[in-house]
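Read the structure below first, then the notes.
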Amino acid sequence: MKSESKLEQILTKGEFAVTSECGPPRGADAEVIRKKGELLKGFVDGVNVTDNQTSVVRMSSISSCVILKGLGLNPIMQMVTRDRNRIAIQSDILGAAALGINNILCLTGDHQKFGDHASAKNVFDMDSIQLVQTVKLMRDEGKFLGGEELKGSPKMFIGAAENPFADPFEIRVPRLAKKVAAGVDFIQTQCIYNLPKFEKWMKLVRDRGLHERVHILGGVTPFKSVGMANYMKKSVPGMDVPDELIERMKAAPKEKKAEEGINICIETIQRLREIEGIHGVHVMAIEWEEMVSEIVKRAGLFPRPHIEG
Amino acid sequence: MIVAERKPLEQISSMIESNNKILIVGCGECVTVCSAGRKKEVEILASALNMVRSKEGKPVEIRQETLERQCDGEYLEQLRGFIGEYEVVISMACGAGVQFMAEKYKNSLVLPALNTKFIGVTEEQGVWSERCHACGDCKLHLTGGVCPIARCSKSLLNGPCGGSANGKCEISPDLVCGWQLIIERLSDLGQLEKYEEIIPINNWSTNRDGGPRKVVREDLRL
Amino acid sequence: MRLNYPSNVKIIKVPCTGKVDVIHLLQAFERGADGVYIAGCLEGDCHFLRGNLRARKRVEYTKRLLDEIGIGGERLQMYNMSAAQGPRFAEVAREMTERIMTLGPNPIRAKKGEAEMETG
Ligand code: SF4
Ligand code: SF4
């Protein structure tokens with residue numbers, strides 16, 4: 001094993017993995033995180049903890065990860081390159097590893113324009129691919145970017161995100177290849193709604209044999225309402241929501257909209273399980289964490305495999 | 001060229017609130033091309049300030065000059081004879097010109113009339129856009145001649161990010177995604193395979209991160 | 001045809017409104033004009049193709065500048081009319097005069113007047 005991560009063990013065993021997501025609160029109340037954590041406990045193999053997502057200031061990912069770890073969950077620390085330079089990034093990686101966090105998801109991060117501090121200075125000392133390289137260098141070669149040796153490598157399982165639906169499409173597979181070459185261990189994809197397009201992307205991924213070098217977890221997000229489906233389609237850059245899904249949401253009776261959203265999500269998971277090279281799902285139920293257990297159960301992914309440690 | 005834009009009139013007039021004898025100096029280089037600090041703009045600013053002050057019943061005396069450029073001592077010398085007669089000098093040059101004038105005339109108060117924006121091009125008449133951040137280590141040979149630092153909102157060297165959609169950057173539907181341009185150029189040039197080479201983490205010490213920069217050519221020095 | 005238009009309107013002839021620059025408009029106000037309007041050819045009828053369209057853009061720019069100065073952009077207006085529209089010309093002249101009447105005199109001239117009275 002490269003890391004001390006439960007997620008790595010599950011994926012290496014060939015089990016279909018389930019991860020989910022948890023957004024830290026906009027305040028110092030640890031209880032918020034604990035509540036979300038309790039909802040997910042036992043139903044997932046790892047929990048992403050966002051890092052000031054959409055550039056809105058929240059409790060730090062590292063501390064939220066530690067709180068979740070204390071509950072017995074396996075946190076995946078998200079880290080964006082927007083807010084820290086290489087000095088702070090490497091320091092936080094060491095700190096996180098020392099606190100028992102052994103998964104990291106390397107991201108560039110949304111531009112600060114989207115958040116509540118649009119006048120902030122951004123950093124972008126490196127991009128997500130270079131962040132993957134950085135963690136790998138620290139873990140496998142025991143070195144800092146500056147070339148010096150470090151004592152006590154951070155044993156982290158390295159993840160990254162990929163959006164198969166963003167443009168330009170022709171480089172979406174080459175981009176994954178770059179991440180693989182940089183040393184990424186697992187990939188979580190953007191929310192998948194357009195399955196035919198996703199299957200096309202996966203075929204290209206398999207043609208290059210990339211699915212054998214990285215674990216790909218397909219991302220899903222249940223719609224809560226027609227409004228949310230429309231919002232995802234129109235306002236989230238790089239999101240591909242086919243009209244037929246919006247129609248399905250519209251057609252559902254008023255009190256059953258949410259249920260229909262869950263149905264679509266479960267069908268998507270089922271289809272993803274059939275795709276060669278998909279090793280798990282990443283269920284993002286933003287501010288709807290209580291639905292994750294139901295989705296996992298109804299998708300036939302419960303109970304989760306038990307891993308010692 | 002360096003592209004600039006006039007500051008709001010209110011800001012300029014508040015800088016000179018208590019002054020009565022003002023010299024406005026335009027610049028004939030970049031800011032003339034981008035119509036921010038050319039002779040015409042000096043005239044307009046003078047006329048506008050005149051009106052602002054007459055309206056307040058506090059008329060000002062304004063002299064207008066436009067130099068060949070303000071980033072060269074030789075041209076700044078042309079102000080030597082009379083600059084001392086003015087309480088303040090409003091420079092309509094880029095930030096470099098304003099500072100250089102202040103360096104040369106230690107006893108004069110030199111104020112900026114422009115906001116210096118970026119190094120860019122004239123996209124079409126009346127439209128200028130950014131092209132270069134002066135990073136000090138040009139990478140255009142790696143990216144099909146399109147700058148990843150200046151034209152990607154996150155200066156990604158291995159982009160695009162997941163927010164690129166329909167050729168536009170995630171931060172605005174009016175902004176082309178720099179990485180879309182890079183990919184298009186690379187494929188037009190038949191060099192798309194170049195995209196798969198990972199550009200390693202950048203050395204920013206040649207950028208402003210390394211402190212104020214200087215170029216010295218010994219062979220040219222007197 | 002003899003036309004009646006307010007005698008306070010002073011006409012400055014230019015070969016094409018495209019010749020009118022921002023500075024000319026500003027200087028008119030600087031020298032005390034209460035209002036300025038430009039009568040350009042009908043859009044699409046410019047002898048020099050885009051002269052009147054350019055003039056319109058400059059007028060828009062100058063209006064904003066006049067707002068910034070505090071004189072008020074509404075004292076400046078662009079009109080389009082053909083040479084054959086004499087009555088329209090007179091109508092516009094009256095319209096502008098009325099507008100200026102409601103706005104009152106150019107604040108700069110008002111101030112200058114005061115100053116002169118004080119010293120005089
Ligand atoms: S790579 Fe550097 S020098 Fe070259 S265009 Fe971009 S910012 Fe300018
Ligand atoms: S959308 Fe394109 S230009 Fe904008 S940040 Fe992403 S890669 Fe850069």
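From a predicted model like this one, the values you see are computed outputs, not experimental measurements. What you see below is based on every heavy atom in this structure, not just the backbone, and it leaves out hydrogens, waters and symmetry mates. Residue numbers start from 1 in every chain, and the chains themselves are labelled A, B, ... in the order their sequence lines are given, proteins ahead of strands.
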Salt bridge (Lys or Arg N to Asp or Glu O under 4.0 Å) involving A:E149 - partner list, sequence neighbours excluded: none
Qualifying ring-ring contact (aromatic ring centres under 6.0 Å, His included) pairs with a residue from residues 120-145 of chain A, counting only residues at least two apart or across chains: none
Residue among A:G238, A:P174, A:A161 with most heavy-atom pairs under 4.5 Å to chain B: A:P174
Side chain to side chain contact (heavy atoms under 4.5 Å, CB included) involving B:A48 - partner list, sequence neighbours excluded: B:L9, C:I69
Under 4.5 Å from a heavy atom of chain A, the part of B:L156 involved: both
Side chain / backbone / both / neither for B:P200 at chain A, heavy atoms under 4.5 Å: backbone
Residues, nucleotides or ligands: over 12 heavy atoms within 6.0 Å of B:L189 CG: yes
Between chain A and chain B, going by a 3.5 Å limit, which atoms form donor-acceptor pairs, if any?
unit_1 : atom_1 : unit_2 : atom_2 : d
A:R86  : NH1    : B:N202 : O      : 3.4
A:R86  : NH2    : B:N202 : O      : 2.6
A:G109 : O      : B:K154 : NZ     : 2.9
A:H111 : N      : B:E170 : OE2    : 3.0
A:K113 : NZ     : B:I171 : O      : 2.7
A:D125 : O      : B:W204 : NE1    : 3.0
A:D125 : OD1    : B:W204 : NE1    : 3.0
A:D127 : OD2    : B:L157 : N      : 3.2
A:D127 : OD2    : B:N158 : N      : 2.8
A:D127 : OD2    : B:N158 : ND2    : 3.1
A:Q130 : NE2    : B:I199 : O      : 2.9
A:Q130 : NE2    : B:P200 : O      : 3.1
A:N163 : ND2    : B:G162 : O      : 3.2
A:D167 : N      : B:S164 : O      : 3.0
A:D167 : O      : B:S164 : OG     : 3.4
A:D167 : OD2    : B:N166 : N      : 2.5
A:R172 : NH2    : B:C161 : O      : 3.2
A:R175 : NE     : B:P160 : O      : 2.9
A:R175 : NH1    : B:N158 : O      : 2.6
A:R175 : NH1    : B:P160 : O      : 3.3
A:R175 : NH2    : B:P160 : O      : 3.1
A:K178 : NZ     : B:N158 : OD1    : 2.9
A:K178 : NZ     : B:Y195 : O      : 2.8
A:R208 : NH1    : B:E196 : OE2    : 2.6
A:R208 : NH2    : B:E196 : OE1    : 2.8
A:R208 : NH2    : B:E196 : OE2    : 3.2

Segment of A:L145 engaging chain B (4.5 angstrom heavy-atom cut-off): side chain
Region of A:I129 that comes under 4.5 Å of a non-hydrogen atom in chain B: side chain
